[in-house]
Amino acid sequence: MGITIAISNHKGGVGKTTTTVNLGAGLALEGKSVLLIDLDPQANLTQSFGISKPDSTIYEALKGELDETVPLNLNKNLDLIPSTLDLAGAEMELNAEAGREYLLDEIIAPLKNKYDYIIIDCPPSLGLLTINAFTTANEIIIPIQAHFLAIKGLTKIIEVINKVKKRLNKELEITGVVVTLFDKRKILHRDIVETITTYFQEKVYKTKIRQNIALAEAPMAGTDIFRYEKKSHGADDYTALCKEFIKKH
């Protein structure tokens with residue numbers, strides 16, 4: 001059975017979707033079968049692959065409107081369940097559903113044996129959609145920007161994770177912290193990494209994702225960093241992250 005990973009941070013702009021796209025694409029290039037799930041109403045993960053009007057999305061699946069959830073094939077070894085802006089109303093629409101915290105788990109259950117990894121791009125919030133991701137996930141990876149304000153909200157996400165682990169999903173663990181938008185020349189960035197490492201210790205990935213314009217340009221081209229500019233720092237960093245990820249598992 002495959003491993004399900006939620007990529008989550010309720011602070012926006014920390015490289016969450018960028019990490020989902022390129023960790024997934026990199027693992028696929030390493031020969032692993034990967035399913036990406038866009039659980040963010042902003043649909044940035046979906047748009048990053050150049051998909052604007054998918055026939056079906058995670059929204060219809062959560063609402064129980066699909067007989068079967070069929071992922072879109074993006075590239076060899078890489079599939080996607082896309083999102084839509086309609087998902088923004090899902091938390092209110094699904095609030096009265098019995099077992100609402102397990103809706104995503106029901107969708108993913110038939111797919112788990114088909115993939116090595118299922119990676120969920122969570123919304124920048126700690127509402128029902130994120131709780132669903134935490135309920136079905138085995139692991140959580142937290143991308144953190146190398147910035148003082150980015151680490152201030154960590155207490156809240158850890159609190160929510162601990163509650164989900166206690167009440168809904170005893171298997172859930174934070175297994176990785178990825179530092180993004182990193183510049184080793186800046187003392188502040190090095191200090192932030194030291195602070196994060198003191199708290200999370202071996203869970204912090206040795207690979208740091210450097211600031212790189214190609215990472216920002218790749219979504220506009222509707223593709224991942226490896227197909228957009230394989231000789232960029234961004235491609236080098238995410239290749240290293242994928243290898244470290246595989247080694248950890």
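Just so we're clear, the structure is a prediction, and the values are computed from it rather than from any experiment.
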Item checked: Step-by-step side chain to side chain contact (heavy atoms under 4.5 Å, CB included) determination, Thr57 to Ser83 -> CA-CA 5 Å; Thr57 70; Ser83 185; 5.6 Å; no

Can you find a pair of side-chain heavy atoms, one from [X] and one from [Y], that are under 4.5 Å apart?
X      : Y      : answer
Ile140 : Leu172 : yes
Val34  : Asp116 : no
Leu104 : Ile120 : yes
Lys112 : Thr136 : yes

With hydrophobic residues grouped by side-chain heavy-atom distances under 4.5 Å, do [X] and [Y] end up in a single group?
X      : Y      : result
Ile118 : Tyr59  : yes
Leu35  : Ile3   : no
Tyr199 : Ile157 : yes
Ile192 : Tyr205 : no
Leu27  : Val178 : yes

When you compare the side chains of [X] and [Y], does any donor N or O come within less than 3.5 Å of an acceptor on the partner?
X      : Y      : answer
Glu244 : Thr207 : yes
Glu139 : His249 : yes
Thr4   : Tyr117 : no
Asp224 : Asn22  : no

Margin query: Please determine whether side chain to side chain contact (heavy atoms under 4.5 Å, CB included) holds for the pair Glu229 and Lys231, giving the CA-CA distance in whole Å, both sets of side-chain angles, and the decisive distance to 0.1 Å.
Written below: CA-CA 6 Å; Glu229 184 51 79; Lys231 293 184 179 179; 3.8 Å; yes

Next item on the list: Could you tell me whether Glu30 and Lys243 have a side-chain N and a carboxylate O separated by less than 4.0 Å?
Entry: yes

Next item on the list: Run through Leu215, Asn212, Asp121 and flag the one making a side-chain contact (heavy atoms from CB on, under 4.5 Å) with Thr18.
Entry: Leu215

Notebook entry, point to check: For Lys156 and Leu126, what are the C-alpha separation, side-chain angles and deciding distance, and is it a side chain to side chain contact (heavy atoms under 4.5 Å, CB included)?
Noted result: CA-CA 9 Å; Lys156 184 61 179 177; Leu126 294 172; 3.7 Å; yes

Next item on the list: Walk me through it: do Leu23 and Phe245 pass the test side chain to side chain contact (heavy atoms under 4.5 Å, CB included)?
Entry: CA-CA 9 Å; Leu23 177 61; Phe245 175 92; 4.2 Å; yes

Next item on the list: Just do the salt bridge (Lys or Arg N to Asp or Glu O under 4.0 Å) check on Glu173 and Lys165 with the steps written out, would you?
Entry: CA-CA 8 Å; Glu173 297 287 348; Lys165 180 178 174 64; 2.8 Å; yes

Residue [X] excluded, over 12 heavy atoms near [atom1] under 6.0 Å:
X      : atom1 : answer
Lys248 : NZ    : yes
Glu65  : CD    : yes
Asn95  : CG    : yes

Show the nearest heavy-atom pair for residues [X] and [Y], with the distance to one decimal.
X      : Y      : value
Pro143 : Val14  : O-CG2, 3.6 Å
Ala235 : Thr239 : O-OG1, 2.7 Å
Lys76  : Ala28  : O-CB, 3.7 Å
Thr223 : Arg227 : OG1-CB, 3.3 Å

Next item on the list: Scan Thr17, Thr20, Thr46 and name whichever one has a side-chain hydrogen bond (donor to acceptor under 3.5 Å, both in side chains) with Asp38.
Entry: Thr46

Check: Where do Tyr238 and Thr19 land on the side chain to side chain donor-acceptor pair (under 3.5 Å) test, with the steps shown first?
Finding: CA-CA 8 Å; Tyr238 275 106; Thr19 295; 2.9 Å; yes

Notebook entry, point to check: Are Arg190 and Glu194 close enough, and set up right, to give a salt bridge (Lys or Arg N to Asp or Glu O under 4.0 Å), and what steps lead you there?
Noted result: CA-CA 6 Å; Arg190 299 200 300 269; Glu194 185 175 334; over 6 Å; no

Notebook entry, point to check: Under 6.0 Å from the six-membered ring centre of Tyr115 and within 45° of its axis: does the NZ or CZ of Lys32 meet both?
Noted result: no

Check: Taking only residues two or more places apart in sequence, or in another chain, which ones meet His233 in a ring-ring contact (aromatic ring centres under 6.0 Å, His included)?
Finding: none

Next item on the list: Begin with the C-alpha distance, continue with both residues' side-chain angles, and end with the deciding distance and a verdict on salt bridge (Lys or Arg N to Asp or Glu O under 4.0 Å) for Lys63 and Glu60.
Entry: CA-CA 5 Å; Lys63 294 258 293 179; Glu60 288 88 5; over 6 Å; no

